[in-house]
Amino acid sequence: MKEIIYNYDNLTNKDINNTIKRAKALIVNSNNEILFGYADKTYQFVGGHVEKNETDEECLSREIKEESGIDLTFDKLTPFLVIKYYNKNYPEEGTNTITINSYYIVNSDLKPNLDNRHLTDYETKWGYELKYLDKNIALKELEKGLLTAKKKNPVLDTMEAVKEFINISGDDSKREEWQ
């Protein structure tokens with residue numbers, strides 16, 4: 001597993017008094033295409049915030065169903081990439097937060113069931129749709145989206161995850177870790 005840490009404020013774990021966790025799924029079909037959510041001219045992986053007392057696996061099951069209508073359950077997944085952000089005074093003064101974004105590979109040829117989705121108001125407002133992209137085309141599309149993205153870090157993190165997926169999907173010894 002690869003881990004990337006951003007800590008521009010030089011915080012230690014003792015300084016942290018708030019944790020935000022997100023779980024993201026690279027849903028990959030047998031054609032090596034990755035399922036992306038697309039809204040507001042930005043590609044993102046299916047997934048989201050891990051709720052209190054929820055495991056990453058439970059979060060992914062819930063988010064995949066909400067965003068794609070696909071019912072999947074997981075026993076034990078291992079992330080292939082974790083990106084951590086240490087932020088001083090975020091989201092408010094006096095709160096030091098670590099944000100942990102965990103990325104998982106989910107192999108599935110199940111088709112999205114658009115009638116079974118439950119999108120947020122934001123997703124509905126910005127025209128959330130699902131698109132499969134070839135893993136090599138995905139990087140080019142993400143680079144285009146970076147030019148107009150309101151928030152750059154989520155796009156950069158998504159690009160990092162696709163690069164790592166391309167790296168490990170071409171290495172048979174690493175592939176066993178996520179299949």
Side-chain angles (χ1 to χ4, degrees), residues 1-11 18-29 31-50 56 59-60 63-64 66-70 79-92 95 97-108 111-112 114 117-171 174 178:
M1 176 193 70
K2 181 176 181 178
E3 184 175 73
I4 300 170
I5 299 172
Y6 298 101
N7 188 358
Y8 303 113
D9 296 314
N10 297 313
L11 298 172
N18 185 44
T19 301
I20 298 171
K21 290 180 66 180
R22 293 185 188 97
K24 301 284 186 166
L26 278 78
I27 300 174
V28 182
N29 66 20
N31 294 325
N32 256 341
E33 297 169 320
I34 304 168
L35 183 64
F36 285 91
Y38 182 77
D40 196 19
K41 300 179 188 173
T42 303
Y43 286 96
Q44 58 198 330
F45 297 120
V46 175
H49 285 84
V50 178
D56 283 10
C59 171
L60 287 174
E63 290 284 351
I64 289 169
E66 288 173 2
E67 296 177 17
S68 73
I70 298 172
F80 72 96
L81 174 65
V82 174
I83 300 176
K84 297 179 179 179
Y85 288 88
Y86 287 77
N87 292 299
K88 188 174 185 167
N89 297 319
Y90 177 82
E92 60 194 16
T95 302
T97 299
I98 182 170
T99 302
I100 304 168
N101 300 312
S102 299
Y103 295 86
Y104 299 87
I105 296 168
V106 175
N107 293 304
S108 177
K111 303 287 184 223
L114 303 182
R117 298 187 312 170
H118 301 284
L119 299 178
T120 66
D121 290 340
Y122 174 86
E123 290 163 339
T124 302
K125 176 182 176 183
W126 292 105
Y128 185 88
E129 59 182 306
L130 296 166
K131 295 183 179 187
Y132 273 103
L133 296 176
D134 177 88
K135 64 183 183 179
N136 297 305
I137 293 171
L139 281 176
K140 292 176 186 158
E141 290 298 315
L142 287 163
E143 286 172 4
K144 281 190 228 173
L146 189 59
L147 299 173
T148 59
K150 294 173 185 144
K151 294 182 179 179
K152 306 275 188 220
N153 284 349
V155 178
L156 291 169
D157 290 353
T158 302
M159 291 172 71
E160 192 64 46
V162 171
K163 288 176 190 175
E164 183 62 12
F165 171 70
I166 289 170
N167 178 45
I168 64 174
S169 66
D171 183 336
K174 291 180 181 177
W178 52 266

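For Lys21, the salt bridge (charged side-chain N to carboxylate O under 4.0 Å, His left out) partners at least two apart in sequence or on another chain are Asp56. Every residue meeting the side-chain hydrogen bond (donor to acceptor under 3.5 Å, both in side chains) condition with Lys84, not counting sequence neighbours, appears here in chain and number order: Glu3. Under the rule for a side-chain contact (heavy atoms from CB on, under 4.5 Å), the partners of Thr97 that lie at least two apart in sequence or sit in another chain are Asn18, Ile20, Tyr90, Pro91, Thr95, Thr99. Every residue two or more places apart in sequence or in another chain that forms a side-chain hydrogen bond (donor to acceptor under 3.5 Å, both in side chains) with Asn29 is listed here: Glu33. Under the side-chain hydrogen bond (donor to acceptor under 3.5 Å, both in side chains) criterion, Glu63 pairs with no residue at all, not counting sequence neighbours. The side-chain hydrogen bond (donor to acceptor under 3.5 Å, both in side chains) test applied to Lys88 returns no partner, not counting sequence neighbours. The side-chain contact (heavy atoms from CB on, under 4.5 Å) search around Glu123 returns Glu67, Leu119, Thr120, Tyr128, not counting sequence neighbours. By the side-chain contact (heavy atoms from CB on, under 4.5 Å) test, Lys131 is found to be paired with Tyr38, Tyr43, Glu129, residues two or more places apart in sequence or in another chain being considered. For Glu143, the side-chain contact (heavy atoms from CB on, under 4.5 Å) test picks out Met159, with sequence neighbours left out.
Between Val162 and Leu142, the shortest heavy-atom distance links the atoms CG2-CD1, 3.9 Å. Across Ala39 and Gln44, no two heavy atoms sit closer than the pair CB-NE2, 4.3 Å. Closest non-hydrogen pair, Leu26 versus Ala161, comes out as CD2-O, 4.3 Å. The shortest non-hydrogen separation linking Pro79 to Ser102 is CB-CB, 4.2 Å. When all heavy atoms of Tyr132 and Ser108 are compared, the closest pair comes out as OH-O, 4.3 Å. Of all heavy-atom pairs spanning Ala23 and Tyr104, the tightest one is CB-CE1, 4.2 Å.
Side-chain contact between Ile5 and Tyr86 is present, with heavy atoms from C-beta onward closer than 4.5 Å.
The CD1 atom of Ile70 sits 10.5 Å away from atom CZ of Arg117, with the distance rounded to the nearest 0.5 Å. Here the CG-CG distance, from Leu133 to Leu35, works out to 9.0 Å after rounding to the nearest 0.5 Å.
Environment of CG in Asn31: crowded, with over 12 heavy atoms of neighbouring residues, nucleotides or ligands closer than 6.0 Å.
Within the structure, side chain to side chain donor-acceptor pair (under 3.5 Å) contacts touching residues 146-162 (residues at least two apart or in different chains) are Lys2-Glu160, Asp40-Lys150, Tyr85-Asp157.
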